[in-house]
Amino acid sequence: MSKGVQQLDDYRWLLPQDYKPGMRVPGIIYADDILMQAIMKDLSLEQVANGAFLPGIVKASFAMPDIHQGYGLPVGGVVATDITDGVVSPGAVGYDINCGVRLLRTELTKEEVRPKLKELVLALFSEIPTGVGSRGRIRLSRQEMEAPLLKGAAWAVKQGYGEPADLACIESGGCLADADPDAVSHKALERGSSQLGTLGSGNHFLEVQAVAEIYDPHAAEVLGLFEGQVTVMIHTGSRGLGHQVCTDSLVEMERAVRKYGIELPDRQLACTPWKSPEATQYLGAMRAAANFAWNNRQCLAHWAKEVFLKVFGISPRTLGLSTVYDVAHNIVKVEEHEVEGRRLKLAVHRKGATRAFPPGHPELPAHYQAIGQPVLIPGDMGRASFVLVGTGAMEQTFGSTCHGAGRVMSRHAAIKAAKGRAIHRELEDQGIIVKASGQESLAEEMPEAYKDVTQVVTVVHRAGLSKMVARLRPMGVIKG
DNA sequence: ATGTAC
């Protein structure tokens with residue numbers, strides 16, 4: 001009997017429990033043949049198998065079609081542990097806590113925006129701080145940090161950044177309960193104190209897009225999307241604050257692994273029992289970082305709106321800009337799921353995976369009950385991004401789907417491949433205006449460094465994890 | 001992803 005990966009059907013692959021001795025459950029990977037070939041080129045599958053070692057894990061260690069190698073668990077991994085006897089693992093959440101995506105709609109069409117596109121992109125770039133170490137216009141003292149960390153995006157709204165109506169259009173209302181600002185180190189607070197309303201670097205971006213194709217007219221209508229419409233997508237997370245929270249926690253986790261006698265194949269998966277003081281500490285800080293990220297996207301959205309108003313010289317009513325939705329794709333949440341006929345409280349770790357709850361789920365806002373949770377998938381800056389809605393993922397993947405295109409080239413390989421080329425010119429030839437803080441960051445992020453997002457989304461659509469609603473084409477991009 | 005190396 002082969003210990004290798006086995007194809008279950010067109011879009012699912014099984015990593016049997018005997019793939020690696022010590023796995024508590026099998027691994028299940030969602031991919032087609034072509035994506036699977038890319039997945040097998042790095043240590044992703046090994047990491048999926050390693051995730052299956054986590055104490056208390058139920059059902060399987062899951063991987064989405066956009067997985068690639070990450071810290072401990074691959075980016076694109078989903079692991080759920082029973083909170084009565086299971087663990088929490090910061091490596092299964094990721095360094096960028098509550099990295100996520102917000103989509104804004106406007107009443108403008110691409111024809112209306114095109115003549116001012118360049119001006120718009122330059123204005124966005126000058127108003128929105130980008131890049132590593134970038135600092136924003138909001139400066140908060142350590143004490144002032146408490147409110148945003150505790151209250152989530154409601155804090156930003158109260159400060160005048162955005163509308164109260166935005167909050168219903170954010171996953172978890174833009175706030176995780178039980179955040180503990182005191183669990184966030186001084187160093188993390190320090191790093192975050194000037195980073196609200198900043199984009200960051202790497203694959204983070206703010207993009208002006210046009211709705212290129214509608215696949216599900218009913219869902220699109222409920223979401224306020226129409227063909228030719230201009231949208232704005234913001235992809236960023238908790239910046240230095242979340243990164244520091246993760247770094248701080250790993251030290252404690254290493255200690256916890258020894259203290260509680262947890263056996264793991266990779267120390268990067270270091271974890272602690274859910275009901276341990278170490279977990280309480282990490283979860284308090286993780287939730288605070290998640291709330292910070294929602295404030296970050298809330299502020300960025302507000303400034304993007306101001307730039308639109310200024311550049312087009314129109315009234316807020318004519319612009320008609322509002323929040324479609326905001327998702328977290330690096331987070332751990334307690335959710336109830338049915339496993340083998342039992343309702344269990346699970347710690348669902350989604351690391352580079354998006355929640356995709358089906359229609360009628362009580363956690364969805366009233367106005368989206370009929371269509372399911374909106375899923376926002378950022379692609380690369382040359383091809384497309386997607387809007388989907390939740391369908392049948394509950395029974396399969398704890399209500400989870402993919403989160404993006406996923407890299408195929410390392411940053412280093414991408415820089416090498418871009419040598420002698422002018423990526424911004426190549427994109428401009430396709431009608432896409434890009435403004436980035438450096439040549440190198442553009443090279444790292446060039447379209448061919450990524451898998452084809454359409455292929456990724458097609459897999460989750462056909463596997464029944466979520467349903468395609470609309471394709472968005474980039475028009476203007478600002479990047480770190 | 002990240003004050004991209006304390």
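Order of the sequence lines sets the chain letters (A, B, ...), proteins ahead of strands, with each chain counted from 1. Bear in mind the structure is a predicted one, so any value in this text is a computation, not a measurement.
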- Task: Could you list all the ring-ring contact (aromatic ring centres under 6.0 Å, His included) pairs where at least one residue sits in residues 59-82 of chain A, not counting sequence neighbours?
- Result: A:F62-A:F398, A:Y71-A:Y95
- In whole angstrom, what separates A:D96's CG from B:dT2's P? 6 Å
- Task: Please determine if A:E440 and A:R411 form a salt bridge, counting it only when a charged side-chain N lies under 4.0 Å from a carboxylate O.
- Result: no
- Item | Residue mapping more 5' on DNA chain B - nearest nucleotide basis, A:V132 or A:G202 | A:G202
- If you measure from OG1 on A:T236 to CD1 on A:I128, what distance do you get to the nearest 0.5 Å? 10.5 Å
- Message: Test of understanding: with ring-ring contact (aromatic ring centres under 6.0 Å, His included), list the residues that count as partners of A:Y161, not counting sequence neighbours.
- Response: A:H302, A:W303
- Item | Sequence neighbours excluded, every pair satisfying side-chain hydrogen bond (donor to acceptor under 3.5 Å, both in side chains) that has a member inside residues 243-252 of chain A | A:S185-A:D248, A:R191-A:Q244, A:Q244-A:D248
- Query: Want to know the stems of DNA chain B: at least 3 consecutive Watson-Crick or G-U pairs with distances under 3.5 Å, which are they?
  - Reply: none
- Note on the structure: For A:R105, the salt bridge (charged side-chain N to carboxylate O under 4.0 Å, His left out) test, sequence neighbours excluded, returns A:E107
- Note on the structure: Whole-Å distance, A:Q195 CD to B:dT2 P, equals 8 Å
- Message: In this structure, how many angstroms lie between the P atom of B:dT2 and the CD atom of A:E445, rounded?
- Response: 11 Å
- Pairs flagged by side-chain hydrogen bond (donor to acceptor under 3.5 Å, both in side chains) wherever residues 469-480 of chain A is involved - sequence neighbours left out: A:E213-A:R471, A:Y215-A:R471
- When the distance from NZ of A:K187 to C1' of B:dT2 is rounded to whole Å, what number comes out? 12 Å
- Note on the structure: side chain to side chain donor-acceptor pair (under 3.5 Å) filter on A:H329, not counting sequence neighbours, yields A:H235
- Task: Please list residues of residues 402-423 of chain A whose heavy atoms come under 4.0 Å from any atom in DNA chain B, ordered by number; otherwise none.
- Result: A:R411
- Query: Base, sugar-phosphate, or nothing for A:E444, non-hydrogen atoms under 4.0 angstrom?
  - Reply: nothing
- Rounded to whole Å, CZ of A:R135 lies from P of B:dT2 at a distance of 16 Å
- Rounded to whole Å, the NZ-P distance (A:K479 to B:dT2) equals 11 Å
- Item | Nearest-Å distance for atom pair CG/C1', residues A:N296 and B:dT2 | 14 Å
- In whole angstroms, the gap separating P of B:dT2 from CG of A:N98 amounts to 13 Å
- salt bridge (charged side-chain N to carboxylate O under 4.0 Å, His left out) partners of A:K151, counting only residues at least two apart: none
- Have a look at A:G237 and say if it touches a base, only the backbone sugar-phosphate, or nothing, with a 4.0 Å heavy-atom cut-off. nothing
- Query: Would you say a side-chain N or O of A:S201 is under 4.0 Å from OP1 or OP2 of B:dT2?
  - Reply: yes
